[in-house]
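A note on names: the letters A, B, ... follow the listed sequences, proteins ahead of strands, and every chain is numbered from 1.
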Amino acid sequence: MDFINSLWELVLWIWSFQVVQILVHIVMIVLPLMLCVAYFTYAERKLIGYMQMRVGPNRVGPKGWLQPIADAVKLMFKEIILPTQANKLLFLIAPMLTLGPALAAWAVFPFSPGLVLADINAGLLYILALASVGVYGVLIAGWASNSKYAFLGAMRSAAQIISYEIAMGFALVGVLVAAGSLNLGKIVEAQSGSAGFLDWFWLPLAPLFLIYFISGVAETNRAPFDVAEGESEIVAGFHVEYSGMPFAVFFLGEYANMILISALTVIMFLGGWLSPFQGLPLLGPMFDWVPGFIWLFAKTAFVGFFFLWLRATFPRYRYDQIMRLGWKVFIPITIVWILVVGFAVVYELPWWFD
Amino acid sequence: MTFEKFLFYVFAAVLVFAATMVITRRNPVHSALFLVLAFFSSAGIWLLAEAEFLAIVLVLVYVGAVMVLFLFVVMMLDVDVATMRAGFMRNLPVGLLILFVLVLEMFIVVGPGIFGLDMIPAPAPQPADYNNTAVLGSVLYTVYMYPFEIAAVILLVAIVAAIGLTMRKRPETKSQNQSAQVQVRSEDRVRVVKMASEQKMEIKR
């Protein structure tokens, strides 16, 4: 008994360090996230399978449930091949640079009222900055591989991400004007009201909502904007030369980014942890018992489904059409809508901004 | 030594190291990547100075956009380091002279006589609800309205000039009209031919 008491005291003493607390919180965020990433890949293969009249993975475990685990184990045991004359250090750093920002962005992400690792004022800016850093992984991978296909993929990806970042940033400016804050928690609170899901920003900011989501798809290099990979044109783009665990880290980064973009779309346009029936006469009280975290998760899964659906539906965009969409369509629309939102906020337009 | 001071020295050491590497590495891509590291470290130092808006914008603009385009160009160039270093010894005296003048100027402007610790005391730390972004925005759009707008107009002129320089249509080059391509309808391209179908067959399963 004495031993257990002293052990407990030791635990309490370790816990008293702030660094330890923060580390434990980080693990509490990253571990479930990694599990989500693993099962997001499974969901993608299953869903696209059914959309294409196939079954998808169904051999490992019941109904294929253990497929992601098997894939992870397989990738871990594969050989890591370094191409000749590749820049070894940069070659191995590149996948980490893709995954790192995708994980770091979750630091300011509010899961429920007040449940956030770092409640900073400039949360939206922080997310935007990290999203723009993510391009380095692809760029460095393409250059360090010493392969012309990888390099072509990296060039395409860099130009594409830079272009769509602007539209994405402008869409976020609209959200910031509407909410009056850069703090993600306050942005969610600004969307609460008595009309349930009609109070969320997706309705007054509908063009920005669509543009943010589509730019997010482009930013994560997902189909139909996956020219950076373009397997029918440049083999597999920036990660042709990667094998084993570095490839797996690229894969993790891509899916973590998709989940992040979905979750951010939910936070900024779909009311975050708010119930869709909030304030409604009959349905509101009926769903009061559901914790906000469940709503957040359900909405994120819903938006994530669109990523998979898009991939199964649309053919790949041509490169010049991607550029046209980004520069000549999205950026003008966002600028016009920022003006509209600005007027709505200044003149306190009823329903959302009064 | 407080934790903040420790962090400052870590960031400062990384910054000086990265800046040195920028000018000493032979490979220009490595130099550019070390410049990225230098930007990150200075963003860290600005965060410690409670200027979080400037720090994040430094990462957002310089690391996220400017340096990506820099790398983009540097990676595609085939820089011959040998020819670049050809005149090194010949130009060294001039370079050293310029270096001396620069250091002297910096010493006059920000030397210990003006920016010493006893001249400018450490600022009092701001309370936790201090919002650097809001503070900057409130002066930028009121007190400094005209300089801000003028800077915006100058940037706009630069954008127009850059686009004007690159947008030259030569008659012999072929180009695609993307709007027309996107707006094409299936009726313009595809003709559905009606014809009698073949005899239906019973498929036994």
Nearest heavy-atom pair of A/A159 and B/F72: which atoms, and what distance?
->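 Answer, listing the atom of A/A159 first, then B/F72: N-CE1, 4.1 Å.
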
Identify the heavy atoms of B/G64 and A/I162 that sit nearest to each other, and give their distance.
->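 Smallest interatomic distance, heavy atoms only, reads O-CD1, 3.6 Å.
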
Side-chain donor-acceptor contacts of residues 154-162 of chain B below 3.5 Å, not counting sequence neighbours, with atom names and distances?
none

Do A/L90 and B/L33 come close enough that some side-chain heavy atom pair is under 4.5 Å?
-> yes

Quick one: are B/F40 and A/V133 in side-chain contact, heavy atoms under 4.5 Å?
->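 Yes, side chains in contact.
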
Residues which pass salt bridge (Lys or Arg N to Asp or Glu O under 4.0 Å) with A/E189, listed by chain and number, not counting sequence neighbours =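 Residues passing salt bridge (Lys or Arg N to Asp or Glu O under 4.0 Å) with A/E189: none at all.
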
Residues forming a ring-ring contact (aromatic ring centres under 6.0 Å, His included) with B/F70, sequence neighbours excluded =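 Not a single residue meets the ring-ring contact (aromatic ring centres under 6.0 Å, His included) criterion with B/F70.
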
Report the distance from atom CG of A/L139 to atom CG of B/L71, rounding to the nearest 0.5 Å.
-> 5.5 Å

Measure the spacing between CG of B/L60 and CG of A/L130 and express it to the nearest 0.5 Å.
-> 10.0 Å

Under 6.0 Å from the CZ atom of A/F170, do we count more than 12 heavy atoms belonging to anything else shown?
->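 Incorrect, the count does not exceed 12.
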
B/V36 versus chain A, heavy atoms under 4.5 Å apart: side chain, backbone, both or neither?
-> side chain

Distance-only donor-acceptor screen, chain A against chain B, under 3.5 angstrom:
unit_1	atom_1	unit_2	atom_2	d
A/N87	ND2	B/H30	NE2	2.7
A/N121	ND2	B/Y130	O	3.2
A/Y136	OH	B/V63	O	2.5
A/R318	NH1	B/Q181	OE1	3.4
A/R318	NH2	B/Q176	OE1	3.4
A/R318	NH2	B/Q181	OE1	2.6
A/D320	OD2	B/Q178	NE2	2.9

Heavy-atom distance under 4.5 Å to chain B: side chain of A/I166, backbone, both or neither?
-> neither

Does any heavy atom of chain B fall under 4.5 Å from the side chain of A/A154, the backbone, both, or neither of them?
->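 For A/A154, no heavy atom lies under 4.5 Å from chain B.
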
